[in-house]
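Bear in mind the structure is a predicted one, so any value in this text is a computation, not a measurement. Note: hydrogens, waters and symmetry copies are ignored here, and every other heavy atom, side chains too, is used.
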Amino acid sequence: MTRSRASARAAGTSFETLIVKHLAAVIDDRIERRAKSGASDRGDISGWRYAGKRIVVECKNTNRLELGTWIAEAEVERLNDDAQVGMVIHKRRGKGAAEDQYVTMTLGDLVRLLT
């Protein structure tokens, strides 16, 4: 069965909310869903910092794995937000808990985060 635009948006919103609630509970209660901003999108999650470095997150809840496209999107959003790190949190099929989802980022972003 093919997803409609409305069902895809609902799935995305639900996934973003799941991730934000988890991050806010275990890392920092200032982490929240970011309002969409069109062509100047700055990611799906705001308020996340590590060692003073702002992190931009792009969330994906889809069956098709498109890591290259997603990382490119996160990079554009990182630049739009003037953040230091961009990452993608994407749905792991068959796993409903936030902490079981996948995180993808470039090695460059990982190094910038940790140094």
Side-chain angles (χ1 to χ4, degrees):
M1 183 172 145
T2 305
R3 253 189 197 176
S4 70
R5 178 97 171 122
S7 68
R9 287 178 61 105
T13 297
S14 175
F15 186 66
E16 289 171 16
T17 301
L18 172 75
I19 298 303
V20 165
K21 283 183 177 180
H22 178 71
L23 293 174
V26 301
I27 296 176
D28 187 331
D29 64 359
R30 294 172 291 182
I31 296 172
E32 60 188 14
R33 286 187 66 227
R34 186 184 304 250
K36 303 298 180 202
S37 54
S40 297
D41 193 2
R42 296 170 38 216
D44 296 326
I45 296 176
S46 68
W48 190 1
R49 285 179 163 68
Y50 177 78
K53 298 172 185 170
R54 289 200 348 257
I55 300 170
V56 163
V57 177
E58 180 63 25
C59 293
K60 296 295 182 182
N61 181 358
T62 180
N63 287 324
R64 188 180 312 160
L65 200 61
E66 298 182 41
L67 296 179
T69 301
W70 298 345
I71 288 293
E73 184 177 350
E75 177 63 9
V76 167
E77 293 169 353
R78 181 188 75 77
L79 294 171
N80 287 344
D81 195 49
D82 197 28
Q84 289 79 17
V85 175
M87 68 175 63
V88 179
I89 299 177
H90 47 106
K91 178 74 175 133
R92 183 175 173 196
R93 295 294 133 211
K95 301 291 184 178
E99 61 269 22
D100 293 333
Q101 307 313 308
Y102 291 127
V103 175
T104 300
M105 62 191 332
T106 66
L107 180 58
D109 278 331
L110 179 62
V111 169
R112 276 191 297 279
L113 182 65
L114 298 176
T115 59

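Interatomic distance, CG of L114 versus CG of D109, reported as 10.5 Å (0.5 Å rounding). Between the CD atom of E58 and the CG atom of D41 there is a distance of 6.0 Å, given to the nearest 0.5 Å. Rounding to the nearest 0.5 angstrom, the gap separating the CZ atom in R112 from the CZ atom in R78 is 5.0 Å. With values rounded to the nearest 0.5 angstrom, T104 atom OG1 is found 12.0 Å from K60 atom NZ. Of the inter-residue distances, the one linking E99 atom CD with L23 atom CG reads 10.5 Å to the nearest 0.5 angstrom.
Annotation for S40 and N80: closest pair C-ND2, 3.5 Å, computed over non-hydrogen atoms. Closest approach of D100 and R92 over heavy atoms only: O-CD, 3.0 Å.
One N or O on the side chain of R93 and one on the backbone of T62 form a donor-acceptor pair closer than 3.5 Å.
Between Q101 and K91 there is a side-chain heavy-atom pair separated by less than 4.5 Å. Side-chain atoms of V56 and R42, non-hydrogen and from C-beta on, never get closer than 4.5 Å to each other. Between V57 and C59, some side-chain heavy-atom pair lies under the 4.5 Å cut-off. The side-chain heavy atoms of I71 and E75, taken from C-beta on, include no pair separated by under 4.5 Å. No side-chain heavy atom of R34 sits less than 4.5 Å from a side-chain heavy atom of E77.
I27 and V85 fall within a single hydrophobic cluster, where Ile, Leu, Val, Met, Phe, Trp and Tyr are joined by side-chain heavy atoms under 4.5 Å apart, directly or via other members. Linking ILVMFWY side-chain heavy atoms closer than 4.5 Å, directly or via other members, places W48 and L110 in a single hydrophobic cluster. Clustering ILVMFWY residues whenever any of their side-chain heavy atoms sit less than 4.5 angstrom apart, transitively, puts L65 in the very cluster that holds V88. Residue L113 is grouped with residue I19 when hydrophobic side chains (ILVMFWY) are merged at heavy-atom distances under 4.5 angstrom, including chains of intermediate members. Hydrophobic clustering places I31 together with M87 (ILVMFWY residues linked when any side-chain heavy atoms are closer than 4.5 Å, directly or through intermediates).
Of the residues I45, N61, D44, the one that meets the side chain to side chain contact (heavy atoms under 4.5 Å, CB included) test with E16 is D44. Only one option out of F15, W70, Y102 pairs with I89 in a side chain to side chain contact (heavy atoms under 4.5 Å, CB included); it is F15.
By the 6.0 Å contact criterion, CZ on R64 is open, its count of non-hydrogen atoms from other residues, nucleotides or ligands being 12 or less. Within 6.0 Å of CZ in R9 there are 12 or fewer heavy atoms belonging to other residues, nucleotides or ligands.
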